[in-house]
Amino acid sequence: MYRICKTIELESGHLLSKHPGSCQFPHGHTRSVELVFAADSLDENDMVMDFKAIKEMLGEFLEQFDHALCMNTDDAHYATFREVYGERIIPFHHSDPTSEAMAATVFHHAREALARAAAGGISYPVRSCVRLERVRVWETSSSWAEYSES
């Protein structure tokens, strides 16, 4: 089996309204989002797929998190933040925007984007045999959360 990994860095904020400590207050992280794709064979260019395909599939989606604040929609101040900062507030419906939740959110979006790309939805060819294995979100240089469905 062949695997490739694309890492995208983001400056991303969140607040964890369920957290008993200082993480309940707005704060930010320089996050690295790792996406691992796999295939049992290589394409005619000797690749799982072109790294540029990943950027095209996910760049706009991931960019929404850059310099934005992720919030639980149940947070008492969510509506105020959304009114003041608009689309720079990213809703996490009824859950805290932990790194675990962010990894799952990115995974589900990436899996859908991969299916669209395999159907010819982007300018780089992506084979239908390519699969998304996991998404890992680094919150700090020593802490990460990962989501997969395997």
Side-chain angles (χ1 to χ4, degrees), residues 1-24 26-75 78 82 87-150:
M1 179 183 341
Y2 297 91
R3 287 185 181 90
I4 61 171
C5 177
K6 177 71 175 169
T7 302
I8 299 169
E9 288 196 0
L10 307 166
E11 300 298 330
S12 174
H14 67 169
L15 62 90
L16 305 179
S17 56
K18 298 176 187 177
H19 195 277
S22 60
C23 291
Q24 67 184 293
H27 62 284
H29 299 282
T30 299
R31 296 183 187 273
S32 292
V33 178
E34 291 180 5
L35 300 112
V36 176
F37 295 88
D40 293 326
S41 63
L42 300 177
D43 66 13
E44 65 274 359
N45 296 321
D46 300 318
M47 299 177 181
V48 170
M49 70 175 162
D50 197 304
F51 287 110
K52 291 180 181 179
I54 301 168
K55 184 76 170 174
E56 187 175 338
M57 287 183 331
L58 297 169
E60 189 175 308
F61 172 75
L62 290 174
E63 195 164 300
Q64 75 176 325
F65 292 96
D66 196 40
H67 289 84
L69 181 68
C70 300
M71 288 184 72
N72 185 333
T73 56
D74 292 336
D75 186 285
Y78 172 78
R82 185 73 180 197
E87 305 245 333
R88 302 314 305 157
I89 303 301
I90 308 295
F92 276 66
H93 298 284
H94 313 295
S95 68
D96 270 1
T98 60
S99 291
E100 294 89 340
M102 184 176 279
T105 297
V106 172
F107 182 94
H108 291 113
H109 182 84
R111 187 176 55 194
E112 292 172 13
L114 180 62
R116 287 191 302 274
I122 63 171
S123 56
Y124 291 91
V126 175
R127 298 172 299 146
S128 60
C129 66
V130 175
R131 59 197 173 276
L132 177 63
E133 280 198 344
R134 65 175 169 83
V135 170
R136 181 178 286 176
V137 175
W138 289 83
E139 183 167 300
T140 67
S141 63
S142 62
S143 303
W144 55 262
E146 182 175 286
Y147 182 85
S148 71
E149 292 188 342
S150 56

Without placing hydrogens or testing angles, list every side-chain donor-acceptor pair under 3.5 Å for residues 60-70, not counting sequence neighbours.
from, atom 1, to, atom 2, distance (Å)
Gln64, NE2, Phe61, O, 3.3
Asp66, OD1, Glu11, N, 2.8

Checklist entry - How about Leu58 and Val33: do any of their side-chain heavy atoms sit closer than 4.5 Å? => result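 Leu58 vs Val33: side chains apart.
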Checklist entry - Closest approach of Ser17 and Asp75, non-hydrogen atoms and distance? => result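 Heavy-atom minimum between the residues: CB-OD2, 3.0 Å.
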Which residues satisfy the side-chain hydrogen bond (donor to acceptor under 3.5 Å, both in side chains) test with [X], sequence neighbours excluded?
X	result
Trp144	none
Ser22	none
Ser141	none

Checklist entry - By salt bridge (charged side-chain N to carboxylate O under 4.0 Å, His left out), which residues pair with Arg111, not counting sequence neighbours? => result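 Expected list: Glu149.
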Checklist entry - Can you list the residues that meet the salt bridge (charged side-chain N to carboxylate O under 4.0 Å, His left out) rule with Arg134, with sequence neighbours excluded? => result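 Glu34, Glu146.
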Checklist entry - Going by the salt bridge (Lys or Arg N to Asp or Glu O under 4.0 Å) test, which pairs reach into residues 116-129, not counting sequence neighbours? => result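 Sorted result for residues 116-129: empty, none.
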Checklist entry - Going by the salt bridge (Lys or Arg N to Asp or Glu O under 4.0 Å) test, which pairs reach into residues 93-106, not counting sequence neighbours? => result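 Applying salt bridge (Lys or Arg N to Asp or Glu O under 4.0 Å) to every pair that reaches into residues 93-106, excluding sequence neighbours, yields nothing.
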Under the side chain to side chain contact (heavy atoms under 4.5 Å, CB included) test, residues paired with [X] that sit two or more places apart:
X	answer
Asp46	Leu42
Thr73	Tyr78, Pro91, His93, His94
Glu139	His14, His29, Arg31, Ser99
Ala104	His108, Tyr147

Next on the checklist: Working note: Asp40 + Arg131, criterion salt bridge (Lys or Arg N to Asp or Glu O under 4.0 Å); need CA distance, chi angles, decisive distance, verdict.
Outcome noted: CA-CA 10 Å; Asp40 293 326; Arg131 59 197 173 276; 3.2 Å; yes
Next on the checklist: For the CG atom of Asp74 and the NZ atom of Lys18, what is their distance to the nearest 0.5 Å?
Outcome noted: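 The distance works out to 7.5 Å.
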